[in-house]
Chemist: 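Please read through the structure below; I'll follow up with questions.
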Amino acid sequence: MKTPLVRISNLKIDFKMEDGRYFEALKRISFDIPHHTVLALVGESGSGKSVTSTALMGLLPESNTVIDQDSCIEFNGRSVLAMSKKELRRLRGGDIAMIFQDPMSSLNPVFTIGDQIIETLQEHKSMSKKAARQKAIDLLTEVGLPNPESRIHAYPHELSGGQQQRVMIAIAIACEPKLLIADEPTTALDVTIQKQILELITKMQKKHGMSVLFVTHDLGVVAEFADEVVVMRHGEICESGVIEEVFRHPKHPYTKALLNCRPSLTYRPERLAVIDDFLQGEAYQLPANRSRGYQEGNPVILEVNNLCKYFKIKTGLFRYIDLKAVDGVSFQLQRGKTLGIVGESGSGKSTVGHTIMRLLESTSGEALFEGKDILSMSNEDFKPLKRRVQIIFQNPYASLNPRFTVGQILIEPMLLHHIGKDKQEREKLARSLLDKVGLAANAFNKYPHEFSGGQRQRIAIARCLTLQPDILICDESVSALDVSVQAQVLNLLQDLQDEFQMSYLFISHDLSVVKHISDQIMVMQQGKVVEMGDADSVYANPQHDYTQKLIASIPQNPQWFEANLAL
Amino acid sequence: MLSYIVRRLWQMIPTLLGVMLLLFTLYTLVGGDPSYILAGKSLSAETIASIRTQLGLDKSLPEQFLIFVKQVLTMNFGTSWSTQQPVSEIIRTRIGPSVMLLLTWQLCSLFFSLLFAASVAYYKGSIYDRAVTIISTVAMSISILVYIIAGQYFLAYKMQWFPVYGWGNGFWQNFLLYIPLPLIIGVAVSVAPDTRFYRSCFIEEMNQDYVRTARAKGLSERKVMLKHVMRNALIPIVTGVMSSLPYMITGSVLMERFFGIPGLGNEILKAVNSSDFPVIKAITIYLVIAIMVFNLLADLLYKWIDPRVKLN
């Protein structure tokens with residue numbers, strides 16, 4: 001049998017932590033990456049998938065990493081762990097290249113993209129500056145960057161996210177590597193861009209005969225184009241094999257769970273599957289389908305008419321142009337229902353949410369909350385209503401004050417809005433809300449950094465609940481979370497809506513998530529609403545070109561994937 | 001770019017006017033009356049009155065201020081009240097030594113601090129890092145005067161490596177013989193706080209994602225640090241250098257005094273002692289202009305280092 005491109009066997013890696021104890025990141029894992037193959041390495045945060053790919057590059061921090069002596073990483077038959085620093089440097093960028101999650105921060109902001117490509121070429125190939133420059137232009141052409149001749153002088157911040165990732169790919173394939181490691185390369189990108197980047201990676205893989213190690217938390221993304229899959233959890237491999245086989249007949253309950261917790265476009269269970277449903281040993285029963293949609297006669301809690309928000313952009317000393325971030329948006333939100341707002345970055349969907357919260361001042365238009373226009377009223381009049389419209393942001397790391405305990409975070413808004421008559425009552429309410437969002441009682445005295453991303457988003461939700469709002473604006477609230485955690489938070493939001501009859505404005509770029517949670521869907525493009533309607537009918541029969549394009553960009557699960565849901 | 005520079009230069013005028021007003025007010029309030037000093041022992045009312053007329057002190061305050069404005073506009077501050085030398089002559093002969101000291105000091109200090117900071121940041125958490133941090137903290141807590149006196153005593157008097165004091169005539173003589181001791185002492189004083197500040201700038205940048213990309217490209221650690229990290233770390237460092245400039249000027253006044261360097265610092269001390277307003281005015285105005293120009297240069301430097309910076 002031919003030697004595989006990469007052979008990892010018995011890999012055990014421990015990290016020394018600050019308190020001197022050891023954390024076992026990888027527990028003796030073994031798998032191979034064959035030549036000319038796309039292998040997907042799937043797992044949640046903390047599963048050890050990034051540690052594996054970083055170890056393969058020889059890039060783990062030396063000071064606190066302990067690699068077990070029996071461990072073995074071979075690349076083309078040579079042991080990576082035994083390589084000298086010089087050999088490792090030749091391997092990195094030469095034989096193994098890597099692209100990362102956030103292309104904006106992964107490119108050096110102070111050098112032109114041309115310089116950053118040329119640097120790699122000159123590092124690994126004895127090339128003249130002129131030849132390297134020409135090669136850089138060829139590479140940029142190959143990855144589909146428009147006007148490569150002039151763009152070579154552009155700085156990273158002058159490009160869009162998708163273009164930046166193209167540049168990263170150009171750097172990666174510059175020296176014709178045998179292995180491309182793609183670490184969540186599309187997680188930060190819009191769905192249409194994601195599709196383009198995935199297609200580009202596949203094209204490059206075929207053209208250059210590389211292997212690709214595709215690291216992701218989302219099984220759905222890789223279904224279409226990976227050949228093999230390795231599913232990891234807690235530093236161990238749960239299951240591995242040919243992708244179709246694994247998807248068709250998943251053996252490990254965890255794999256089944258991962259396959260099921262992603263919202264589907266065709267079926268909407270009462271609650272999404274979570275990992276625990278599968279690990280408890282009992283057979284998972286797919287819940288009944290939930291029907292959605294606005295109902296005639298249901299009271300309208302929020303009616304927005306012709307909302308506009310223009311930003312003034314300075315173009316000269318006294319000249320301005322208006323950037324129409326939100327341009328004539330109208331919609332209705334029914335009590336106890338969810339309106340999903342979808343669109344790509346820059347479509348104005350978040351601006352709608354922020355303007356209704358009065359975080360931004362609207363340019364014109366009205367937002368009738370129980371018949372009263374909340375946009376035109378004075379701050380004084382708005383104050384009692386403020387409590388009833390709340391927002392949850394995308395980044396649960398940045399939106400909680402790190403110096404407050406969870407208890408303080410929950411009690412502060414109650415004090416501001418005079419909720420609860422004394423300290424005991426407020427504490428009691430805070431503790432009951434923690435229970436409601438599924439956090440343990442001892443969370444009350446902990447600080448935000450002691451929680452994972454999903455738990456922090458629960459804290460943020462609990463903070464909103466302290467004010468018993470009628471409308472909750474969820475601004476990309478689950479976008480930063482792993483699919484499995486995302487399912488838990490979506491279930492929580494659904495439970496809360498069922499219990500308290502809250503109305504949600506659910507803003508997201510992820511169309512399957514929006515489909516799952518929304519009754520009505522509003523599609524936005526460049527500040528305008530291009531399509532609005534009942535969730536099921538918009539997806540089943542999209543009218544506008546843009547909606548069709550968005551829906552077509554969702555990673556399509558092959559037939560055999562959908563057919564095997566809820567095994 | 002050009003319109004930006006013109007706009008910035010234009011904005012300097014009100015700043016300069018403010019400084020002039022402050023200087024004039026302060027001098028009028030606490031500057032003392034130079035005619036008493038100049039009159040010496042012949043303290044008759046007539047002498048003082050005639051000196052006052054000579055100096056223009058008999059004119060009303062607004063008139064005196066107008067004369068000041070005219071002086072700044074023509075950059076001609078007249079003659080020194082105490083030595084009768086033209087002020088321009090004083091500045092011309094004294095600026096050389098000051099610039100020589102300040103420039104070498106700033107450059108050496110920057111060079112060594114960057115070197116230490118980059119290496120310390122790279123070996124963050126090691127014994128070397130901790131040792132440098134402790135030494136810096138100790139070094140920062142000692143007054144510059146101690147450095148000067150200890151340096152003169154040990155390095156010059158005991159070891160005879162440098163002259164204790166003095167200044168020569170030729171450029172090379174000064175540069176090679178008289179500058180080194182004050183320079184070593186100055187660098188010893190400023191390297192400690194700068195290293196600590198620059199270290200944090202480097203560490204901040206080393207945690208960025210693009211460093212990981214640079215390593216994944218197969219670049220050597222030296223290249224990662226000195227090219228990718230350094231360029232980004234320079235952004236806060238430029239600010240640091242610019243804000244340390246006034247302290248360095250104060251420091252160099254002390255140095256000139258202690259080492260007998262005939263620079264502007266020495267001159268301004270003399271001028272203050274003898275209430276020599278024209279010299280004080282001239283040196284202050286030149287300093288203010290220099291600092292404003294350096295700030296402008298710093299902003300242009302930002303743009304050059306970091307293309308994301310917008311000049312407006």
Side-chain angles (χ1 to χ4, degrees), chain A residues 18 50 53-54 56-64 85-112 115-124 153-158 167-168 171-172 174-175 177 180-181 183 314 316-317, chain B residues 1-4 6-8 10-11 120-130 201-238 301-312:
Chain A
E18 282 188 9
S50 289
S53 60
T54 316
L56 190 49
M57 294 283 274
L59 273 177
L60 290 171
E62 276 170 42
S63 55
N64 62 348
K85 283 194 171 157
K86 204 171 164 195
E87 286 172 312
L88 271 176
R89 286 217 314 271
R90 214 169 302 146
L91 184 76
R92 297 199 281 258
D95 289 328
I96 308 182
M98 196 162 181
I99 58 174
F100 303 95
Q101 173 167 3
D102 185 356
M104 178 74 186
S105 63
S106 295
L107 288 165
N108 193 328
V110 301
F111 294 108
T112 64
D115 283 343
Q116 299 188 52
I117 301 173
I118 291 168
E119 182 182 50
T120 312
L121 287 166
Q122 289 195 312
E123 187 71 32
H124 293 281
H153 301 295
Y155 288 95
H157 71 277
E158 295 166 336
V167 172
M168 283 298 291
I171 294 175
C175 300
L180 173 69
I181 302 176
D183 192 350
K314 207 172 175 180
L317 198 54
Chain B
M1 181 69 127
L2 190 70
S3 73
Y4 172 77
V6 170
R7 193 147 37 93
R8 282 288 301 267
W10 179 249
Q11 285 164 356
V120 168
Y122 185 70
Y123 293 107
K124 187 186 142 210
S126 68
I127 302 269
Y128 170 56
D129 175 26
R130 276 175 232 173
C201 301
F202 275 102
I203 287 175
E204 167 95 27
E205 289 302 324
M206 280 166 68
N207 292 326
Q208 301 291 325
D209 287 347
Y210 66 80
V211 176
R212 187 180 55 182
T213 312
R215 291 200 174 118
K217 280 176 174 181
L219 301 184
S220 67
E221 287 300 313
R222 204 171 52 119
K223 237 182 193 165
V224 171
M225 282 302 287
L226 295 183
K227 186 177 173 193
H228 287 263
V229 174
M230 174 86 95
R231 176 85 176 257
N232 282 282
L234 275 179
I235 300 162
I237 288 175
V238 168
L301 212 54
Y302 285 138
K303 174 74 193 166
W304 181 71
I305 296 171
D306 185 355
R308 287 166 300 177
V309 170
K310 283 205 172 65
L311 296 174
N312 50 30

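Proteins come first, then strands; the chains are lettered A, B, ... in the order of their sequence lines, and each starts at number 1.
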Chemist: Out of A:Ile99, A:Asn108, A:Thr54, which one racks up the most heavy-atom pairs below 4.5 Å with chain B?
Modeler: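 The candidate making the most pairs under 4.5 Å is A:Asn108.
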
Chemist: Identify which part of A:Leu107 has an atom lying under 4.5 Å from any heavy atom of chain B, answering side chain, backbone, both or neither.
Modeler: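 Just the backbone, heavy atoms under 4.5 Å.
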
Chemist: If we define contacts as heavy-atom pairs under 4.5 Å, which of A:Arg90, A:Gln116, A:Lys85 has the most with chain B?
Modeler: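 The candidate making the most pairs under 4.5 Å is A:Gln116.
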
Chemist: Considering only heavy atoms from C-beta outward, does the side chain of B:Met225 approach that of B:Met206 to under 4.5 Å?
Modeler: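 Yes, their side chains come closer than 4.5 Å.
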
Chemist: So which residue, B:Ser126, B:Gly125, B:Ala214, B:Ala216, ends up with the most heavy-atom pairs under 4.5 Å with chain A?
Modeler: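 Of the options given, most contacts go to B:Ala216.
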
Chemist: Check whether any side-chain heavy atom of A:Asp183 lies under 4.5 Å from a side-chain heavy atom of A:Ser50, and answer yes or no.
Modeler: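 Result yes, sub-4.5 Å side-chain heavy-atom pair found.
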
Chemist: Identify which of B:Lys227, B:Glu221, B:Gln208 forms the greatest number of heavy-atom pairs closer than 4.5 Å to chain A.
Modeler: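 Highest number of pairs under 4.5 Å: B:Lys227.
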
Chemist: What is the distance from atom CG of A:Asp95 to atom CD of A:Glu87, rounded to the nearest 0.5 Å?
Modeler: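 Spacing of CG (A:Asp95) from CD (A:Glu87) equals 11.5 Å.
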
Chemist: Is chain A contacted by the side chain of B:Ser220, its backbone, both, or neither, given a heavy-atom distance below 4.5 Å?
Modeler: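 Both parts, backbone and side chain.
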
Chemist: Is the count of non-hydrogen atoms from other residues, nucleotides or ligands lying under 6.0 Å from B:Lys303 atom NZ greater than 12?
Modeler: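 Yes, enclosed.
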
Chemist: For chain B, find which of A:Val110, A:Leu59, A:Ile181 contributes the most heavy-atom pairs closer than 4.5 angstrom.
Modeler: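 Max contact count across the listed options: A:Val110.
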
Chemist: Considering only heavy atoms from C-beta outward, does the side chain of A:Tyr155 approach that of B:Arg308 to under 4.5 Å?
Modeler: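 No, side chains not in contact.
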
Chemist: May I ask you to decide whether A:Glu119 forms a salt bridge with B:Lys217, counting only side-chain N to carboxylate O separations under 4.0 Å?
Modeler: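 Looking at B:Lys217 together with A:Glu119, the answer is yes, because their closest N to O distance falls below 4.0 Å.
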
Chemist: Between A:Glu158 and chain B, with a heavy-atom cut-off of 4.5 Å, which part of the residue counts as in contact: side chain, backbone, both or neither?
Modeler: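 Contact with chain B is absent: no heavy atom of A:Glu158 under 4.5 Å.
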
Chemist: Heavy-atom distance under 4.5 Å to chain B: side chain of A:Met168, backbone, both or neither?
Modeler: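 Contact with chain B involves the side chain of A:Met168 alone.
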
Chemist: I need the B:Asn232 CG to B:Asp306 CG distance, nearest 0.5 Å.
Modeler: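 Result: 7.0 Å between the selected atoms.
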
